[in-house]
Structures are given as structure tokens and as C-alpha cells.
Amino acid sequence: MKVRVQSAAFDFGAEANAFAAGRKDAGAVVTFTGIVRDLARGDLDRMEIEHYPGMTEKAIEAIARQAQERWALKDVLVIHRHGVLEPGDMIMMVATAAPHRVDAFAAAEFLMDYLKSRAPFWKKEVTANGAQWVESRDEDEAALTRWSE
Amino acid sequence: MKVRVQSAAFDFGAEANAFAAGRKDAGAVVTFTGIVRDLARGDLDRMEIEHYPGMTEKAIEAIARQAQERWALKDVLVIHRHGVLEPGDMIMMVATAAPHRVDAFAAAEFLMDYLKSRAPFWKKEVTANGAQWVESRDEDEAALTRWSE
Amino acid sequence: MIDVMYFAWVRERIGLPKEKVETEAATVAELVDELKAREERYAAAFADTTALRVAVDQELTDFDAPLAGVREVAFFPPMTGG
Amino acid sequence: MIDVMYFAWVRERIGLPKEKVETEAATVAELVDELKAREERYAAAFADTTALRVAVDQELTDFDAPLAGVREVAFFPPMTGG
């Protein structure tokens with residue numbers, strides 16, 4: 001398990017290759033990558049991501065441990081950036097490796113649902129006309145309920 | 001949409017980066033990579049993948065089109081190898097890009113479920129003691145039913 | 001004249017990947033019956049058609065599919081892609 | 001003495017990221033009441049606590065969580081990671 005919280009950019013492809021390379025024990029690798037999406041009007045100047053140093057790492061590690069307890073995983077990787085990002089920049093990635101695809105997919109979705117609403121990050125969208133904190137969506141909170149059944 | 005059926009190896013990381021790079025329209029990219037898994041006894045010499053040239057490409061393209069009709073996707077990539085592979089080699093990958101993660105995940109799982117049981121590939125595992133065709137699993141067939149609800 | 005193709009263990013059991021078949025069969029099932037009547041290796045390959053899949057002109061279909069105008073029929077075990 | 005931290009718009013509204021607070025509050029809710037009584041900017045930030053989340057010693061918890069022995073309390077809006 002590897003968790004990294006950083007302001008620096010990361011190389012998604014290089015990370016994905018390093019994670020998947022030569023795995024004879026896991027037939028399935030799933031990755032998710034979050035990218036800064038432009039606004040509907042196409043005027044997003046930048047996204048600022050604030051986080052809670054100390055708690056962030058602990059929260060992500062706890063989520064990753066839960067995923068490992070729940071599914072037969074061979075490995076988990078989470079990278080999440082903070083600071084100033086531009087449209088098209090990669091915000092974060094998760095990767096899961098498992099013998100079977102069902103576990104790799106379920107664990108990656110679980111990680112994303114929890115990171116979305118339970119890891120202490122806050123996004124602010126900045127345009128020439130002002131800045132706005134991204135609001136949490138009810139459907140993101142609702143997505144968590146499927147894991148407690 | 002890009003579909004490639006090939007015997008040559010592919011660079012997962014480079015493909016994933018090229019697919020995800022600079023997407024300002026899609027906040028979510030999901031990839032799945034299938035890797036040749038060793039047998040429980042650790043004695044897999046190689047995997048031979050047979051396919052049905054002509055039908056393979058058509059079948060995969062039809063599956064990818066269905067995914068695009070069903071979910072709000074910005075792009076789909078499928079690469080699938082045939083021929084002789086060794087443990088740890090990458091067999092195939094899919095990638096999906098969508099504005100929201102729910103669509104990217106669902107489409108990737110849909111593509112995998114259909115590729116598994118509806119694309120004309122057949123795997124044979126070869127060890128020093130002989131060769132055996134991989135049998136389809138009932139659960140793979142069953143996985144398809146969730147998409148017809 | 002129809003191109004008949006075999007894949008995976010069906011190909012191995014019958015001993016060839018492809019052959020041209022002159023047939024009056026109206027459906028895939030009738031074609032299978034003709035092939036089974038030919039030789040033991042065909043009878044063995046087609047002994048249990050529930051274990052087989054069939055594609056007609058490169059589209060998956062059923063054993064009761066009609067053969068009128070068809071150019072290519074392929075028989076194979078359940079697929080194991082991905 | 002407890003470290004009290006604010007993030008995102010809570011930080012902006014209160015105007016600082018962190019402060020040390022001398023308090024006898026037994027729970028998070030009591031601490032919030034003390035803070036609200038201080039100044040208008042606190043009252044504004046804590047006006048609707050259903051729109052807020054709280055972490056005590058870096059663990060998410062509820063507003064009725066006890067404060068005995070606690071070193072760090074953080075207030076923030078619902079998280080938007082991923």
C-alpha cells in the first residue's frame with residue numbers, strides 16, 4: 001500500500017506502469033484518475049485544493065486499509081495533489097491490483113467514493129469573475145451507503 | 001473511440017497517459033489492465049491467445065459503441081493482444097473518459113464483462129506438463145445479466 | 001459453398017481451422033448434423049452443442065439461425081477474452 | 001488549551017486558519033457556542049452547523065463528541081476530494 005499527498009504533479013502513466021509491471025499474482029489492475037475539468041462556460045482559470053496536513057494522510061490510509069480488509073487485493077496506490085492546478089491537470093489517482101477484476105473494480109470505486117466525501121480536501125474554482133468553493137453533492141454522500149449494506 | 005487487436009506488446013503507461021492527457025472535458029478516466037496471472041503452482045510457462053480475425057475487431061467495436069450509447073463518455077480505448085504471452089505480460093486494457101466517475105467506472109466494467117464473454121478470444125495455459133484451454137466461468141456469464149436490467 | 005471455421009478446442013478436435021463446405025442445410029443445426037455424420041472427429045467435437053457457440057458471418061447467433069445467403073459459419077467454445 | 005483549526009470557507013469567514021483556545025467546554029457543541037458568542041464572524045461561520053463537519057484529533061466525529069484530553073479540533077465544510 002502506498003499513499004502520497006503532494007503538491008507536485010505526478011506522471012500517471014509512469015505510476016500506472018510501475019504499479020502494474022510484472023505482477024504475476026494479480027490478473028487485474030484498475031486505475032482511476034481525476035482531472036481538473038473546465039467549467040461549462042470554459043472560463044476556469046485554476047483550481048485551488050486545500051487540505052488538512054496530517055489528517056489527510058491518516059484518513060486516506062484508513063480508507064485504503066478498509067479496502068484491503070474488504071477485498072482480496074494485492075496492492076493499493078493513492079496519490080492526491082493539493083495546491084494550484086489548471087484545467088486538464090491531474091488531481092489524483094488510485095490504483096488497485098487483484099487476482100480478479102470484480103475485486104479490483106469494487107475496491108477502486110470504494111476508494112473513490114470515500115476519498116470524495118471523507119478525505120479532508122476542499123476544492124475552489126477560480127475564474128476571472130471570482131472564486132467559488134466546490135459544493136459537495138448529495139449523490140456523493142449517497143454513494144457511500146452502498147458500501148454499508 | 002479506438003480499438004486495437006494486436007500480437008505486439010503495448011506500453012500501458014504510455015497509452016494511459018496519451019488517453020488521459022490534457023482532457024479538460026472529462027474529469028474521470030478509468031483504466032482496466034488484464035495481466036497473465038501465474039497458476040497456483042507457479043508453473044505457467046506461457047499463455048496462448050487465439051482469436052477470430054475480422055470478427056474480433058467488429059465485436060469489440062460493437063461493445064464499445066454500446067458503452068458510448070449507454071453512458072456519457074468522452075472517449076473509449078480498447079487494446080487486446082493475441083498470440084503467445086508470458087506470466088506478468090499485459091493481455092489487454094480498456095480506458096474510459098467521462099465527465100463523472102460513475103459513468104467512467106460503469107462503462108469500464110461493462111466493457112470488461114462483455115469482452116470477457118462476447119469477444120472471440122480463447123486462452124490456453126501451457127505448462128511443462130501439458131496445455132489446457134481456460135474454461136469460461138459461470139460467474140462471467142452471470143455478470144452480463146446486470147447490464148440488461 | 002460456406003466457409004466453416006473452428007476455433008480453440010473445436011479446431012484441435014476436428015483437426016483443421018477452416019474448410020469449405022457444400023451444403024443444403026437450412027439452419028446451423030442442420031449443418032451440424034451433416035458434419036457429425038461425416039466422421040468421428042466431427043461427432044466428438046459436436047457431441048454437446050450446449051458447450052459450443054456459433055457465429056454466422058461474424059455475428060454471434062443461435063443454432064437455429066438460417067443459413068440462406070450466409071458466407072461464413074464459425075464454431076467455438078465459450079469465449080475467454082479480457 | 002486546544003488548537004482549533006478552520007478550513008475552506010470556514011477559514012475565510014473566520015479570517016484565520018488556526019488559533020489556540022482556552023476552554024472549559026465539555027463537548028464540541030459547547031466549544032462552538034463559546035466561539036459564536038465571541039464575535040459576529042464566528043457567529044456567521046457557525047450559523048448552520050449542519051453545513052459543517054468536525055474532526056477531533058484528526059478523526060471525523062460529531063458535534064456531541066467530548067473534548068476531555070483533546071489537543072486539536074478542526075471545523076470545515078463537507079469535503080470535496082477525489
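Naming convention: chains lettered A, B, ... in sequence-line order (proteins, then strands); numbering from 1 in each chain.
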Asker: Find the one option among B/Asn17, B/Asp11, B/Val36, B/Thr96 whose heavy-atom pairs under 4.5 Å with chain A are most numerous.
Answerer: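 Ranked by contacts with chain A, first place is B/Asn17.
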Asker: Among residues two or more places apart or on two chains, list those pairs meeting salt bridge (Lys or Arg N to Asp or Glu O under 4.0 Å) that have a residue in residues 125-139 of chain B.
Answerer: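 As it turns out, the salt bridge (Lys or Arg N to Asp or Glu O under 4.0 Å) pairs with a partner in residues 125-139 of chain B, which skip direct neighbours, are B/Arg137-B/Glu139, B/Arg137-B/Asp140.
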Asker: Given the options A/Ala21, A/Ala16, A/Ala18, which has more heavy-atom pairs under 4.5 Å with chain B than any of the others?
Answerer: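 Among A/Ala21, A/Ala16, A/Ala18, the one with the most close pairs to chain B is A/Ala16.
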Asker: Against chain B, work out which of A/Ala14, A/Gly34, A/Pro99, A/Ala28 has the most heavy-atom pairs shorter than 4.5 Å and name it.
Answerer: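 It is A/Pro99.
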Asker: Picking from A/Thr31, A/Val102, A/Asp38, which has the most non-hydrogen pairs under 4.5 angstrom with chain B?
Answerer: A/Thr31
Asker: At a heavy-atom separation under 4.5 Å, does A/Met90 approach chain B through its side chain, its backbone, both, or neither?
Answerer: side chain
Asker: If we define contacts as heavy-atom pairs under 4.5 Å, which of A/Ala20, A/Gly13, A/Gly42 has the most with chain B?
Answerer: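 Of the options given, most contacts go to A/Gly13.
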Asker: Name the member of B/Ala26, B/Ala97, B/Gly27 that forms the most heavy-atom pairs with chain A at distances under 4.5 Å.
Answerer: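 The option with the most such pairs is B/Gly27.
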Asker: When only pairs under 4.5 Å are counted, which of B/Gly88, B/Ala143, B/Ala95 shares the most heavy-atom pairs with chain A?
Answerer: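 Between B/Gly88, B/Ala143, B/Ala95, the count favours B/Gly88.
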Asker: Report, as yes or no, whether the 6.0 Å neighbourhood of atom CD on B/Gln132 holds more than 12 heavy atoms from other residues, nucleotides or ligands.
Answerer: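 No, not enclosed.
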Asker: Can you tell me how the ring of B/Phe105 sits relative to the ring of A/Phe105, calling it parallel under 30°, perpendicular over 60° and tilted otherwise?
Answerer: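 Ring orientation, 0 to 90° scale: perpendicular.
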Asker: How far apart are the closest heavy atoms of A/Lys24 and B/Arg37, and which atoms are they?
Answerer: O-CG, 3.4 Å
Asker: Need one label for A/Asp113: side chain, backbone, both or neither, based on atoms under 4.5 Å from any heavy atom in chain B.
Answerer: both
Asker: Report the distance from atom NZ of A/Lys116 to atom CZ of B/Arg101, rounding to the nearest 0.5 Å.
Answerer: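 Between A/Lys116 NZ and B/Arg101 CZ, I get 5.0 Å after rounding to 0.5 Å.
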Asker: Around B/Gln6, counting heavy atoms of other residues, nucleotides and ligands shown, do more than 12 lie under 6.0 Å from its CD?
Answerer: yes
